[in-house]
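Working notes for the structure below.
Chain identifiers are assigned alphabetically (A, B, ...) following the order of the sequence lines, protein sequences preceding nucleic acid strands; residue numbering begins at 1 within each chain. Below, all heavy atoms of this structure are taken into account, side chains as well, without hydrogens, waters or symmetry copies.
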Amino acid sequence: MRIIVHNAKCQGHARCWAQAPDIFKLDDDGYILPGDIQVAEGEQLLASQGARSCPERALEVDRTSAARFEPAAMQPRTGEA
Amino acid sequence: MAINPVPDHVPPEMVRDFSLFTSPGMPPTPNGDPHAAVACAHDGPPIFYSPYNTQDGRGTWVITRAADQRKVLQDTETFSSHRSIFSSILGETWPTIPLELDPPAHGAFRSLLSPLLSPKRVTALEPAVRERAIALIDRITASATSCDVMKDFAFPFTVSIFLRFLGLPDQGLDTFVGWAKDLLHGDDVERPVAARKIVAFIDELATNRRKDPVDDLMTFIVQAQIEGRRLTDGEIRGIGVLVFVAGLDTVAAAIGFDLAYLARNLKDQELLRSEPARILLATEELLRAYPPIQLIRVATKDIDFEGAPIRKGDYVSCATMIANRDPEEFESPNTVDLAREHNRHAAFGYGPHRCLGSHLARREIVIGLEEWLARIPTFRIKEGTAPITCGGHVFGIENLILDWS
Ligand code: HEM
Ligand code: SF4
């Protein structure tokens, strides 16, 4: 699982951090650091709770954890390409 | 007070007899519940027009759904914050900062202030906050088994923390609380008088700190630079006034409404007293159920917003107390459930103006409730008394006499 971080939407409520400070790291002003977050096995519940606590909807849960093991290049191509 | 006529572009069927200032439960009411009273906004269309919905009697669109408020507050290009709420009391038009600036100008000032109120900074303030709460409560319990919570606890607690943050002495406390009260809940004569006093006070403080810098917020502001320059006198005044007003009344009101709720709901009171670990989550629910503020925006262009023909210059109201009772956002919104999870309430607003003081405010409320419940046995509203609540731009409660004899 990973958390997609939409930084432009973050307004520094710090609710994610309040749920899980080790998963959601904030900068000195209290806004979330850029970059998507890979969630370790065992922290998934906490991470999704943190993401669901964001009032601005800046955190998106991506459960298709397999996605990163299937880069586009490895997928069978069909169609006109 | 003049009531503006309903503008021609507002379809008559979208006008509702609803006002945060004049509807039932909004004027000072003994044993009132103004937050529950405004929940009736959800009985009608999601957006409507209220002909009288600001302190100075202007009409506003009323956005009732949390999702729509989020859209409005995140879209600063269409919905501007520049509405001179404070300076218009004086017949002037300068903005309080950062509240009434729009991006991009807003960003520079906000970045200047955010480190001062960041979650980390607030964590460092915590011991002082707790010490202050304990001292006040111990003083109350030493000599009495009842008290006026607002006067004896909520105001002295929140305002003294705030004064320390601003770098002001505690002696000024009663004077400042009086100004804030006149400003927020006073009549047409009291409000400009209070506003003028606050401005004069901030201007003088800025002058003093420029001459004799100390380690406080005002010194920081007069010495600060944005975009390679010092701040202008007007900007310094705009920041000083905002910070002064933003922190004076809000946290105290929140604590007052919270304690009033607990005084009337003894099961919840006992639950939090016996399991103080629940207070953190409960505070979020109490912020949802009893938030104090209405937000106003001004349309910068014509827009048809979710079926409402909003025109340039129209006022748009996002009342946090209405969003927080939105049945589409919250299950059983009129039930206070202290264990409610995923509580993305609107108490601190949404978008770039999200309350900069939210981390401090939360800590103050949590600590205030923790220490109060740890030190005061089962308390109720004192028999024969009635707290007086009011609506308006900032909701308030007074004459809250609690008894634990
Ligand atoms: C429970 C207490 C409080 C509540 C419910 C509250 C609520 C709010 C809300 C809803 C806004 C957004 C206004 C808008 O978008 O138009 C706001 C802005 C602000 N608040 Fe608070 N507030 C509280 C306490 C405080 C405290 C204690 C401070 C200062 C230490 C503070 C400082 C500010 C500032 C500086 C802004 C302007 C932020 C900006 O425009 O970027 N607030 N507050
Ligand atoms: S809860 Fe949302 S808005 Fe707040 S810091 Fe986390 S990501 Fe940002």
Side-chain angles (χ1 to χ4, degrees), chain A residues 1-70, chain B residues 66-67 69-76 98 103 106-124 280-281 283-284 287-288 291 318 320 323-324 326 329-330 340-363 366:
Chain A
M1 188 177 106
R2 87 186 153 132
I3 307 282
I4 303 170
V5 176
H6 300 282
N7 277 90
K9 280 193 171 172
C10 172
Q11 305 296 353
H13 291 259
R15 304 314 297 153
C16 54
W17 172 84
Q19 291 266 352
D22 296 332
I23 300 175
F24 302 98
K25 304 247 164 59
L26 306 184
D27 66 17
D28 285 345
D29 291 357
Y31 291 71
I32 193 143
L33 293 175
D36 295 348
I37 301 166
Q38 285 298 339
V39 178
E41 203 75 35
E43 292 196 324
Q44 304 198 336
L45 181 64
L46 201 57
S48 72
Q49 279 178 347
R52 285 182 63 190
S53 68
C54 174
E56 307 283 349
R57 313 296 195 261
L59 303 172
E60 194 184 327
V61 178
D62 176 14
R63 289 186 193 282
T64 58
S65 55
R68 64 199 169 100
F69 302 116
E70 291 168 21
Chain B
Q69 288 198 6
R70 197 175 303 119
K71 267 190 228 157
V72 167
L73 297 171
Q74 288 177 342
D75 179 2
T76 57
H106 167 260
F109 291 98
R110 177 138 176 139
S111 315
L112 189 66
L113 298 176
S114 4
L116 305 177
L117 288 159
S118 70
K120 270 185 213 157
R121 192 59 85 83
V122 168
T123 307
L280 201 62
L281 200 59
T283 295
E284 294 304 313
L287 277 165
R288 183 192 70 82
C318 294
T320 58
N324 281 356
D326 176 2
E329 183 91 359
F330 303 100
R340 189 186 291 268
E341 298 207 26
H342 310 301
N343 192 346
R344 296 190 270 198
H345 61 73
F348 295 109
Y350 298 118
H353 292 277
R354 185 270 312 163
C355 176
L356 261 183
S358 63
H359 313 303
L360 177 60
R362 282 189 158 103
R363 278 330 288 165
V366 169

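With A:R52 contributing its side chain and B:R344 its backbone, the two residues share no donor-acceptor pair below 3.5 Å.
Of the listed residues (B:S114, B:G351, B:P115), the one with the most heavy-atom contacts under 4.5 Å to chain A is B:G351.
With a 4.5 Å cut-off on non-hydrogen atoms, B:H353 does not touch chain A at all. If you measure heavy-atom distances from A:C54 to chain B, the contacts under 4.5 Å come from the backbone alone. If you measure heavy-atom distances from A:A58 to chain B, you find no contacts under 4.5 Å at all. For B:R110, the part lying near chain A is the side chain, with the backbone staying farther off; criterion is any non-hydrogen pair under 4.5 Å.
Put simply, CG on A:D27 and NZ on B:K120 are 8.0 Å apart, with the number rounded to the nearest 0.5 Å. Here the straight-line distance linking atom CD of A:Q11 with atom CZ of B:F348 works out to 15.0 Å at 0.5 Å rounding. Taken from SG in A:C10 to CZ in B:R354, the straight-line distance is 8.0 Å, to the nearest 0.5 Å.
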Using residues 12-26 of chain A as the side-chain source, report each donor-acceptor pair under 3.5 Å to any protein atom, sequence neighbours left out, with the distance given to one decimal.
from	atom 1	to	atom 2	distance (Å)
A:H13	NE2	A:E56	OE2	2.7
A:R15	NH2	B:E284	OE2	3.1
A:K25	NZ	A:D22	O	3.2

